[in-house]
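Within every chain, numbering begins at 1; the chains are lettered A, B, ... in the order of the sequence lines, protein sequences first and strands thereafter.
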Amino acid sequence: MVGFNKVVNSYDEALKGLKNNMTVIVGGFGLCGIPEGLIARIQTMDVSGLTCVSNNAGVDGFGLGLLLESKQIKKMIASYVGENGLFEEQFLTGELEVELTPQGTLAEKMRAGGAGIPGFYTATGYGTPVAEGKEIRSFGGKSYVLEESITGEFALVKAWKADTMGNLIFRKTAMNFNPMAATAGKVTVAEVEEIVEPGELDPNAIHTPGIYVNRVIKGTFEKRIEQLTLASA
Amino acid sequence: MGLRRDQLAMRVAQELKDGYYVNLGIGIPTLVANYVPDDIEVMLQSENGLLGMGEFPSEENVDPDLINAGKQTVTAVMGASFFSSADSFAMIRGGHVDLTVLGAFEVDQNGSIASWMVPGKLVKGMGGAMDLVAGARDIIVTMTHANKKGESKVLKECTLPLTGVGCIKKVVSDLAYMEIHDGKFHLFERAPGISVEEIISKTEGDLIVPEYVPEMKLGSIMR
């Protein structure tokens, strides 16, 4: 009996079932709170044609930038991709398909997807290129755009602590998209800094209940900083 | 010479009110945090999931798990909270953020803003800007009045793809402080040393100019 023990001991097990052309939702904001080891592991797998849904696309040589390097990503759904030179190159040559999505809409698409809500109306993007071809509806005299939710075959998230049952706690702004991403994957894999026994995490403090999480793996994290800014002395 | 970057931030800071929750965009808007008047308290919201953003950290306090929306390392103030991106944008879209300050390429007399896309140039993405302009109760745009060729960025109608429609109420440019209502720009203040004639000549949109246009006061709010 495995019961509710979600812990896996290898990245092979963690990513078992990931195949060509799947949609993978990836948590993180910039390089903060990204599942570093899971992404790096995909680069070594014979998997391509992925649609990646993530706020950003990493940087050259780190995070999702690795999978751009290896040309395993076919389509990127993101809100901001300015930090990645390879991205620019592949986008301009038409190798990479890009769906730019407002950041709040992206978060809500994941949240709604995970909650079984197929679409929602939002004022964001009305009258802009984002709304082109989408249904517009008026509520109380204000115009709203119909946005469809997102789910993925896989969701890869990064948490601070997990218990073996997959309950997750995030740390500071490394939370970002991870809780929504966790709900939106058919298979959700959490790469975490520390795994503890059930009962060691305060149930009051759980951010993501274990029901959303299928696999937990303990990772090691570089936590690269994108913009080191210090107080002037 | 119009306002410098730090002076733009100083002027914007005069619009802050005690008890405001404020989201500051990347670039000049970020500098506004340096000029919050001493006699008021504001809480800064960073859309990656932080309410109560503090100053940049000292070297020993750098934490890779604590960044702002510009991906810079920051600190959290006493009373701060962390939350998910969905919660963050619920604050923004739900109208709970009192004031948003952001930059723009163009703004027009109907309050529309273009700030994220120049056709033919590489598009990096809108980030949270579309959500912020659609949701905040009050929005200040800070920008240069004209581009490097001297062409007005204060227009009858934006020419670039929009970020939001009919949402901007206040503009602090390097030349003037203006408000937008009834489909027109209204001139309230001019930058030190800048003539009303220059502002008129660099404003393509309809501009209502009162008989007397006072000069901005900048020095008094310096810390």
Exercise. More than 12 foreign heavy atoms under 6.0 Å from CD1 of A/I211: is that the case here?
Worked result: no
Exercise. Quick one: which residues of residues 128-135 of chain A reach chain B at under 4.5 angstrom, heavy atoms only?
Worked result: A/T128, A/P129, A/V130
Problem set entry | Nearest-0.5 Å distance that lies between atom CE in A/M175 and atom CG in B/L50 | 11.5 Å
Problem set entry | Side chains of A/K172 and B/D63 in contact at under 4.5 Å (non-hydrogen atoms) | yes
Exercise. When you look at CD of B/E59, are more than 12 heavy atoms from neighbouring residues, nucleotides or ligands closer to it than 6.0 Å?
Worked result: no
Exercise. For A/F91, is it the side chain, the backbone, both or neither that has a heavy atom under 4.5 Å from a heavy atom of chain B?
Worked result: side chain
For this session: Answer yes or no: are there more than 12 heavy-atom neighbours, outside A/Y212 itself, under 6.0 Å from its atom OH?
Result: no
Seminar exercise, completed: Under a 4.5 Å heavy-atom criterion, the part of residues 129-144 of chain B in contact with chain A comprises B/M130, B/D131, B/A134
For this session: Could you tell me which portion of B/S88 (side chain, backbone, both or neither) has an atom closer than 4.5 angstrom to a non-hydrogen atom of chain A?
Result: neither
Problem set entry | Proximity breakdown for A/L31 and chain B, heavy-atom pairs closer than 4.5 Å | neither
For this session: Drop me the distance from A/M180's CE to B/S85's OG, to the nearest 0.5 angstrom.
Result: 4.5 Å
Problem set entry | Residues in residues 89-103 of chain B that sit under 4.5 Å from chain A, counting heavy atoms only | B/F89, B/R93
For this session: Would you please test A/Y80 and B/K71 for side-chain contact (heavy atoms from CB on, under 4.5 Å) and show each step?
Result: CA-CA 12 Å; A/Y80 189 81; B/K71 284 118 188 169; 4.0 Å; yes
For this session: Taking side-chain contact (heavy atoms from CB on, under 4.5 Å) as the test, write out the residues that go with A/K142, two or more places apart.
Result: A/A123, A/Y144
Problem set entry | Residue B/Y21 excluded, over 12 heavy atoms near OH under 6.0 Å | no
Problem set entry | chain B contacts, top residue of A/T101, A/N176, A/V81 (heavy-atom pairs, under 4.5 Å) | A/N176
Seminar exercise, completed: Under 4.5 Å to a heavy atom of chain B? For A/R171 that would be both
Problem set entry | Pairs of heavy atoms under 4.5 Å with chain B: top-ranked of A/G127, A/A174, A/G104, A/A107 | A/G104
Problem set entry | Neighbour count >12 (heavy atoms, 6.0 Å) for atom CD, A/E148 | no
Exercise. Please walk me through it: do A/L100 and B/M117 pass side-chain contact (heavy atoms from CB on, under 4.5 Å)?
Worked result: CA-CA 11 Å; A/L100 288 171; B/M117 182 181 180; over 6 Å; no
Exercise. Between A/T173 (side chain) and B/D65 (backbone), is there a donor-acceptor pair under 3.5 Å?
Worked result: yes
Exercise. What residue, out of B/S112, B/A86, B/G164, has the most heavy-atom pairs lying under 4.5 Å from chain A?
Worked result: B/A86
For this session: Would you mind telling me which of B/G70, B/A69, B/G125, B/G127 has the largest number of heavy-atom pairs within less than 4.5 Å of chain A?
Result: B/G127
Seminar exercise, completed: Under 4.5 Å to a heavy atom of chain A? For B/N68 that would be backbone
Exercise. Among B/N61, B/V123, B/I67, B/V165, which has the most heavy-atom pairs under 4.5 Å with chain A?
Worked result: B/I67
Problem set entry | Rounded distance [0.5 Å steps], NZ in B/K124 versus CG in A/N84 | 11.0 Å
Exercise. Picking from B/G128, B/A114, B/P161, B/G166, which has the most non-hydrogen pairs under 4.5 angstrom with chain A?
Worked result: B/G128
For this session: Below 4.5 Å from any heavy atom of chain B, which atoms of A/I225 appear? Answer side chain, backbone, both or neither.
Result: side chain
Problem set entry | Proximity breakdown for A/N55 and chain B, heavy-atom pairs closer than 4.5 Å | neither
For this session: Name the region of A/P179, side chain, backbone, both or neither, that has any atom closer than 4.5 Å to a heavy atom of chain B.
Result: side chain
Problem set entry | Value rounded to 0.5 Å, distance of OG in B/S84 from CZ in A/F29 | 13.0 Å
